[in-house]
Structures are given as structure tokens and as C-alpha cells.
Amino acid sequence: MKKFFANIWTKRVASLVSAGYTFLVCYLCYCSIFYDIEVVSRTSLCLLVTGVSLCVLVFMLYTRKQILTRLSSFIILPAMLPVVLLYFGEWGLIIPIIATGIVILLLSGAGEGAKTAFGTIFLLMYIFGALGYFLITSFFITSSKTETVVSGISPSQQYRYYVINTEDSSNGSTAVYIEPNYADMHYPFTTFTLKNIERRVYLERPMAEAVDVQWTTQTRQEISAQLNAISENITIHLSEDELEKLGYTYDSKLALTGLTTEQKKAVGRTASDIEDVYLDTLTPEQLAYFDIGKTPDGRYYVLTPPAELIEKLKKENGETVYFSEMNSDWQAEYSVTKDDSVLLNSLTDENLAMLGVPESGDVMLYNGKVCFRYYVAVIDDYFDVDDRSLSIQLLS
């Protein structure tokens with residue numbers, strides 16, 4: 001048995017435990033940046049994390065001279081900095097991991113000089129990180145006195161809602177917030193909730209005296225009829241993939257915009273006309289006025305492309321330069337833009353189903369007024385649960 005544990009390959013395989021633990025610490029770092037934490041049972045979570053950390057520490061000490069363990073000893077502490085700052089107070093989660101990181105850093109097989117240097121760097125990171133976090137939250141994130149009046153979950157369990165009163169110098173306000181109920185990550189003893197995903201759907205000033213929230217379920221057809229009755233000019237903005245699903249080609253959505261009076265006259269428009277001019281509505285002569293040509297299959301191209309554009313697209317002289325190959329800046333040179341809007345009343349019920357709008361869903365009424373429709377939330381992509389862009393608001 002002694003020979004087995006002394007074997008170098010045994011130690012190398014065992015060092016994978018260090019790598020796995022470090023990966024979990026980095027994942028916790030990721031969660032601390034983009035998710036709020038809700039601990040269901042602090043005692044159970046503390047015992048679980050402590051037990052796992054002690055077991056891993058034994059493996060780390062056994063493999064302390066292996067490269068994976070050495071690398072892990074230099075990663076754990078800096079990876080825990082966001083966790084300490086953003087989950088401050090959850091000591092049952094933080095302390096066992098920090099203690100494991102400190103012990104393995106001090107007892108790892110790295111040289112004393114390296115451990116001293118990295119230890120000093122990590123200490124300074126925590127000092128200046130805490131100072132920077134304090135300054136940012138003090139000066140760039142506004143604080144106000146708020147009170148959650150009503151909260152709950154929609155009938156379909158898809159959405160959560162909060163009615164929040166905010167006290168300020170202007171007699172306060174009442175706001176209704178909706179957020180998805182399907183973006184949480186549930187683990188034993190804890191739940192991670194995606195940050196800054198809520199959408200304010202109603203704001204009232206001054207602060208409301210009475211709050212009445214009701215939910216109903218409406219079908220896609222019912223909501224379409226209601227919205228089209230409000231206005232026949234409601235437009236929705238779609239992605240290129242969604243436009244393609246509806247049968248639109250890239251070129252069929254190209255339009256002239258920001259035209260001068262002379263250019264408007266050239267395409268038969270008046271000087272006061274502010275609507276965009278779709279290329280599909282123009283004759284070959286009108287297109288040529290803007291140095292634009294059209295192929296028999298409906299693709300638009302530049303008649304006399306400048307040398308800069310040819311070089312930018314890595315084309316050969318004489319090759320056709322299509323607008324679909326150009327970025328928005330070059331298209332703007334020809335007063336051309338890509339229109340991604342579609343009139344809602346032009347979409348059939350089948351089109352809406354193709355765009356991902358369910359057959360029926362939740363509609364919220366606040367004091368008798370409709371303030372949220374699942375239909376609009378899906379079409380306008382209210383909740384981009386895949387977005388992981390960094391912002392100062394993540395620090396709040």
C-alpha cells in the first residue's frame with residue numbers, strides 16, 4: 001500500500017481532485033458576479049462545504065508537489081475575492097474555502113520566494129479590491145429607501161413580480177417589476193438568482209395608496225386582437241434569423257434612410273416625407289441614382305465600389321460587392337440601412353408561433369390596468385437570461 005501511494009502516477013491522478021475543486025471555486029466566482037445567493041440552510045451548507053474542503057485539502061497536501069496542485073494553490077484565493085465581496089456575510093460558505101486556499105498556498109510544493117510573492121500580491125488584491133468595491137458602491141450606486149408591498153408568482157409559474165414603494169423627495173413612487181422564474185439555479189441548501197434581469201413594467205407617481213394585482217390567462221389570438229385594436233402601426237423588431245423564418249431575405253429589408261430633399265425627389269417622394277424607402281420599391285434607374293444595382297435574384301450591390309471598400313472586403317477589381325457583405329458604416333455611405341422591424345398586424349398566428357410565442361400565457365393587471373403581457377415579453381425579449389455582460393449594477 002505504501003508503494004501505491006508513493007507512486008508518481010497515483011499522485012498525478014489524485015491531483016485531479018485539486019483541479020476539480022479549483023474549477024468549482026472558479027464557478028462559484030462566476031456565480032457571485034452574475035447571481036445573487038439565497039441560502040436555505042446555513043448550517044447544512046457550512047457542514048457540506050467544510051467537509052468537502054477538508055477532504056480536498058488532504059488530497060492537496062498529498063499531491064502538493066504536483067503541477068496541478070501548485071497551480072490550484074495560486075488560483076483559489078484570487079478566485080474567491082469576488083465571492084468575499086459580493087456574498088459578504090455568507091461565512092459558512094466563504095471561510096472553509098478561504099482557509100483551504102491559505103493552507104495549500106503555505107504548504108504547497110512551490111518555492112518560498114514564489115509563495116511569499118504571490119501571498120503578498122493576493123493580500124494587496126483583497127485590500128485594494130475591498131477599497132475599490134466600497135468606493136464604487138458608495139459613489140456610483142444610488143441607494144434609496146424602498147419597501148416591497150406585494151410579491152408573488154404568476155399562475156403559470158413563469159414569472160415573479162414585485163410591487164415596490166420608493167420614498168424620495170418627490171412624494172415617492174410605486175413601481176411594478178417582473179422577472180423570470182425559470183432562470184434560477186437550484187442546488188442543495190442554496191439557490192442562485194440571476195442579477196439585474198427584472199423588468200419595470202409600470203411606474204406611478206406619487207406613491208400609490210392602494211395596490212391591487214391580478215393575473216389572468218389569455219390566448220395569443222386574444223392579445224393580438226387587443227394590440228391591433230390599440231394601433232395598426234405597432235412594429236416589432238426581429239433578429240435576422242427570425243426575419244428569415246418569416247420569409248424575408250436580407251436584401252428585402254434594405255431601405256434608404258436620412259435622404260436629402262434632392263434624393264427624395266429622385267425617388268418620387270416629397271421633401272416632407274419621413275418614411276424610409278425600401279430598395280425593393282425602386283426602379284433600376286432610381287437605384288442607379290444611388291450607385292446601387294440589383295441582380296436578377298434580388299440581391300443589391302454597389303455599381304462602382306471605391307478602392308477602399310474593395311480592399312476592406314478583400315475583393316478583386318471587378319468582383320461584385322454586395323450590400324450583405326458590407327458593415328453598417330459602409331452601408332450608411334450609400335444612405336442604406338437594414339430594417340429589422342415588422343408590423344404586428346402583418347403577422348399571422350402561425351408566424352407568432354414560429355417566433356416562439358406560446359398559445360396562451362400570463363397577463364398582469366395593476367389596479368385594473370394591463371401592465372404586462374407574456375406575449376410582448378417574448379416578442380420584445382424582455383428577459384435575456386443568456387446575457388452575461390459586465391456592468392456596475394452587478395455590484396449592487
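- Take R200 and apply the side-chain contact (heavy atoms from CB on, under 4.5 Å) test, not counting sequence neighbours, and it matches A175, Y177, L203.
- Both I197 and I37 are part of a single hydrophobic cluster, where members link through side-chain heavy atoms under 4.5 Å apart.
- Considering only residues two or more places apart in sequence or on other chains, T217 meets the side chain to side chain donor-acceptor pair (under 3.5 Å) condition with none of them.
- In this structure, I127 belongs to a hydrophobic cluster whose other members, linked by side-chain heavy atoms under 4.5 Å apart, are L123.
- When only modelled atom types and interatomic distance are considered, Y161 and D362 share no side-chain donor-acceptor pair under 3.5 Å.
- Residues forming a side chain to side chain donor-acceptor pair (under 3.5 Å) with N228 (at least two apart in sequence, or on another chain): none.
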Q: Go through T69 and S18 one step at a time and tell me if the side chain to side chain donor-acceptor pair (under 3.5 Å) criterion holds.
A: CA-CA 6 Å; T69 302; S18 303; 3.2 Å; yes

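- No donor-acceptor distance shorter than 3.5 angstrom exists from the side chain of E333 to the backbone of W330, with no hydrogens or angles considered.
- Applying the side chain to side chain donor-acceptor pair (under 3.5 Å) test to Y375 and every residue at least two apart in sequence or in another chain returns S224.
- The pair K315-E325 meets the salt-bridge criterion, with a side-chain N (NZ, NE, NH1 or NH2) lying under 4.0 Å from an Asp/Glu carboxylate O.
- With sequence neighbours excluded, no residue forms a side chain to side chain donor-acceptor pair (under 3.5 Å) with T148.
- In Y187, the OH atom is crowded: over 12 heavy atoms of neighbouring residues, nucleotides or ligands sit closer than 6.0 Å.
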Expected list for residues 76-90: side-chain donor-acceptor pairs under 3.5 angstrom, two or more places apart:
{"residue": "Y87", "atom": "OH", "partner": "C31", "partner atom": "O", "Å": "3.1"}
{"residue": "Y87", "atom": "OH", "partner": "Y35", "partner atom": "O", "Å": "2.7"}
{"residue": "E90", "atom": "OE1", "partner": "R42", "partner atom": "NE", "Å": "3.3"}
{"residue": "E90", "atom": "OE2", "partner": "R42", "partner atom": "NH2", "Å": "2.9"}

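- Checked by atom type, the side-chain pair D297/T295 shows a donor-acceptor distance below 3.5 Å.
- Pairs of residues two or more places apart, or lying in two chains, that qualify as salt bridge (charged side-chain N to carboxylate O under 4.0 Å, His left out) and include a residue from residues 110-129 are E112-K115.
- K338 meets the side-chain contact (heavy atoms from CB on, under 4.5 Å) test with E240, L243, Y250, K253, L254; sequence neighbours excluded.
- Checked against the 6.0 Å centroid criterion, the rings of F34 and Y30 qualify as a close aromatic pair.
- Identified under the salt bridge (charged side-chain N to carboxylate O under 4.0 Å, His left out) test for residues 118-130, with sequence neighbours left out: none.
- With hydrogens and angles left out, the side-chain atoms of T193 and D36 include no donor and acceptor closer than 3.5 Å.
- Annotation: side chain to side chain donor-acceptor pair (under 3.5 Å) contacts involving residues 44-60, sequence neighbours excluded, comprise Y21-S53, S41-S44.
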Validation: residues 268-276 side-chain donor-acceptor distances under 3.5 Å, sequence neighbours left out:
{"residue": "R269", "atom": "NH1", "partner": "D273", "partner atom": "OD2", "Å": "3.4"}
{"residue": "T270", "atom": "OG1", "partner": "S272", "partner atom": "OG", "Å": "3.4"}
{"residue": "D273", "atom": "OD1", "partner": "E275", "partner atom": "N", "Å": "3.1"}
{"residue": "D276", "atom": "OD1", "partner": "T257", "partner atom": "OG1", "Å": "3.1"}

